[in-house]
Amino acid sequence: MRKSTTLKVDLRSDTVTQPTPAMLEAMMAAPLGDDVFADDPSVNALQEKIAALLGFEGALFMPTGTQSNLCAILAHCQRGDEYIVGQFAHCYRWEGGGGAVFGSVQPQPLNHQADGTLALAEIEAAIKPDDAHFARTRLLALENTLGGKLLPFDYVRQATELAQSRGLTRHLDGARLFNAAVAQAAQTGGDIFSEARRITQCFDSVSVCFSKGLGAPVGSALCGSRELLARAHRIRKMAGGGMRQSGMLAAAASYALDHHVTRLALDHALARRLAEGLSGIPGLAVEPPQTNILFVDLVGEAKARSKELIPYLAARGILVTGLYRLRFVTHLDVDSAGIERTLAALHEFFAA
Ligand SMILES: *Cc1c(COP(=O)(O)O)cnc(C)c1O
């Protein structure tokens, strides 16, 4: 088993994974070039692989998902344009307002429905008429999974068709696209990669993270048309994302695509196991997880003890985030023993 699980159960995020020995070997063996000269063979191979996998003309390897989303927003939109986006979307709420700061692109945030979607009527109503009073509505940005929720596929199709029919382009923040694809495949009985493609084909661009559940140390990819990527490439350069011998990182991402996609189902099963094990504890309101992220609200008297809880768990080597709303994220470096330890510690805490 992985070394980290014997010491710590780190449920703060799926970004905390360490590269596996086999992934490290792939990184060490990667042929390298200089990607600013576009001649790093490992970067080129990764870009071709992810583009083919998701059905796009090309892809650009990015250091982070934040930079990938930023390049997408700025490649789709000009100054004075706006993008329609969810209040809790990463590329609105958690990226420092980069689209506005670097691109003078105005976000038009909408509230989410309980299932994470943006109501079609609200999207429609947010699209501005062509009039000098308004910013030009250019882009619809969705996120899947969003807070661990799988967007219903019929919704994804309807929302992106609506956007297209109104002349908007469509971007998907698919940081956890493969978690979505695994959950969707479990519903339909389909193949995981076909489900991933079914989602991505509704969009003009897609950003995918290799450093979340896929377990690579660094990296995301922005997929799209050659024309869009030519613009994104210039923006990536301006943002300082032109990397050199990045083939070492691309090799880790490529290894992750080959070996760490189907196993995401194990992470989802562990999140469900954790939810089931916690559901008997009074004072905890457990949201049934759809993928690898579990939210648990502290309610009633349990709420008064919230400040003690995280240090109590940390003292037992169990790391989580939140206060009144705890977040547990399962990943490659969490095993079932770790989940049972977490359950035991939580039962102990609430029994005291
Ligand atoms: C993590 C994440 C990103 C990108 O994060 P980086 O830390 O910049 O790689 C983007 N979108 C979502 C939904 C994410 O969870």
Side-chain angles (χ1 to χ4, degrees), residues 14 17 20 22-23 26-27 30 35 38 40-65 67-69 71-72 75 142-145 150-151 153 156-157 160 170-229 232-233 236 246-247 249-268 291-292 332:
D14 47 7
T17 54
T20 63
M23 182 182 278
M27 294 170 75
D35 184 50
D40 186 302
S42 302
V43 171
N44 291 338
L46 171 70
Q47 291 176 164
E48 282 160 28
K49 181 189 282 191
I50 187 71
L53 215 52
L54 299 182
F56 287 94
E57 282 179 6
L60 273 178
F61 187 48
M62 298 274 180
T64 64
Q67 190 170 107
S68 189
N69 282 330
C71 290
L142 297 180
E143 183 175 317
N144 199 10
T145 61
L150 171 68
L151 297 186
F153 178 70
V156 170
R157 212 182 38 220
T160 50
R170 294 89 35 100
H171 173 66
L172 176 68
D173 179 352
R176 296 190 178 86
L177 169 71
F178 288 107
N179 294 91
V182 164
Q184 195 164 290
Q187 288 176 357
T188 63
D191 165 73
I192 293 168
F193 290 98
S194 312
E195 294 298 334
R197 240 180 340 265
R198 219 149 66 88
I199 297 170
T200 57
Q201 287 310 282
C202 297
F203 294 88
D204 301 294
S205 62
V206 172
S207 174
V208 196
C209 282
F210 302 113
S211 59
K212 297 268 163 85
L214 295 185
V218 171
S220 287
L222 177 64
C223 304
S225 67
R226 269 187 250 293
E227 196 193 338
L228 183 93
L229 293 177
H233 184 257
R236 187 186 70 171
S246 39
L249 302 174
S254 189
Y255 180 90
L257 279 176
D258 293 342
H259 298 96
H260 293 169
V261 173
T262 52
R263 64 152 306 287
L264 291 171
L266 303 173
D267 300 342
H268 298 182
T291 59
N292 68 325
L332 193 58

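Since this is a predicted model, take the numbers as computed values, not measurements.
- For S205 and H171, the side-chain atoms include at least one donor-acceptor pair closer than 3.5 Å.
- Of the inter-residue distances, the one linking L46 atom CG with L249 atom CG reads 10.0 Å to the nearest 0.5 angstrom.
- With a 4.5 Å cut-off on side-chain heavy atoms, R226 and L229 do not count as touching.
- Nearest approach of F193 to L257, heavy atoms of both residues: CZ-O, 4.2 Å.
- Salt bridge status for K212 with D14: absent, with no side-chain N to carboxylate O gap under 4.0 Å.
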| request: Go through F203 and V156 one step at a time and tell me if the side chain to side chain contact (heavy atoms under 4.5 Å, CB included) criterion holds. | output: CA-CA 9 Å; F203 294 88; V156 170; 3.7 Å; yes
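- We find that R236 and D35 are joined by a salt bridge, their nearest charged nitrogen and carboxylate oxygen being less than 4.0 Å apart.
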| request: Give the intermediate values and the outcome of side chain to side chain contact (heavy atoms under 4.5 Å, CB included) for residues F153 and T188. | output: CA-CA 10 Å; F153 178 70; T188 63; over 6 Å; no
| said: If you apply the rule side chain to side chain donor-acceptor pair (under 3.5 Å), what do you find for S220 with Q67, and how did you get there? | reply: CA-CA 9 Å; S220 287; Q67 190 170 107; over 6 Å; no
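- When side chains are defined from C-beta on, R170 does not count as touching C202, because their heavy atoms never get closer than 4.5 Å.
- The distance between the ring centers of F178 and H260 does not fall below 6.0 angstrom.
- Side-chain atoms of S207 and S68 include a donor-acceptor pair closer than 3.5 Å.
- Between L54 and V208, some side-chain heavy-atom pair lies under the 4.5 Å cut-off.
- Separation of atoms CD1 (I192) and CD (Q184) is listed at 11.5 Å; rounding is to 0.5 Å.
- A distance of 13.0 Å separates CD in E48 from CD in E57, rounded to the nearest 0.5 Å.
- The two residues G65 and C209 have their closest heavy-atom pair at CA-SG, 4.0 Å.
- Side-chain contact between R176 and T291: absent, with no pair of heavy atoms (C-beta onward) separated by less than 4.5 Å.
- Closest non-hydrogen pair, S246 versus V43, comes out as OG-CG2, 3.5 Å.
- Taking the side chain as every heavy atom from C-beta outward, M23 and P217 approach each other to under 4.5 Å.
- The environment of Q201 atom CD is dense: over 12 non-hydrogen atoms of other residues, nucleotides or ligands sit within 6.0 angstrom.
- For the atom pair L222 CG and F56 CZ, the distance stands at 9.0 Å (nearest 0.5 Å).
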| task | Please lay out, stage by stage, how D267 and L332 fare under the test side chain to side chain contact (heavy atoms under 4.5 Å, CB included). | result | CA-CA 7 Å; D267 300 342; L332 193 58; 5.6 Å; no
| Stepwise side chain to side chain contact (heavy atoms under 4.5 Å, CB included) test for L172 and T160 | CA-CA 10 Å; L172 176 68; T160 50; over 6 Å; no
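- For H259 (side chain) and Y255 (main-chain N/O), a donor-acceptor pair under 3.5 Å exists by modelled atom type.
- Two residues are said to be in side-chain contact when any heavy atoms from C-beta on lie closer than 4.5 Å; F61 and I50 fail this criterion.
- For the atom pair CD of Q47 and OG of S254, the computed distance is 11.5 Å after rounding to the nearest 0.5 Å.
- Atom-to-atom distance recorded for N69:CG and T64:OG1 is 8.5 Å, nearest 0.5 angstrom.
- For A180, the side chain to side chain contact (heavy atoms under 4.5 Å, CB included) criterion is met by N144, T145, L150, I199, not counting sequence neighbours.
- Judged by distance alone, with hydrogens and angles left aside, the side-chain atoms of R197 form a donor-acceptor pair with the main-chain N or O of L53 at under 3.5 Å.
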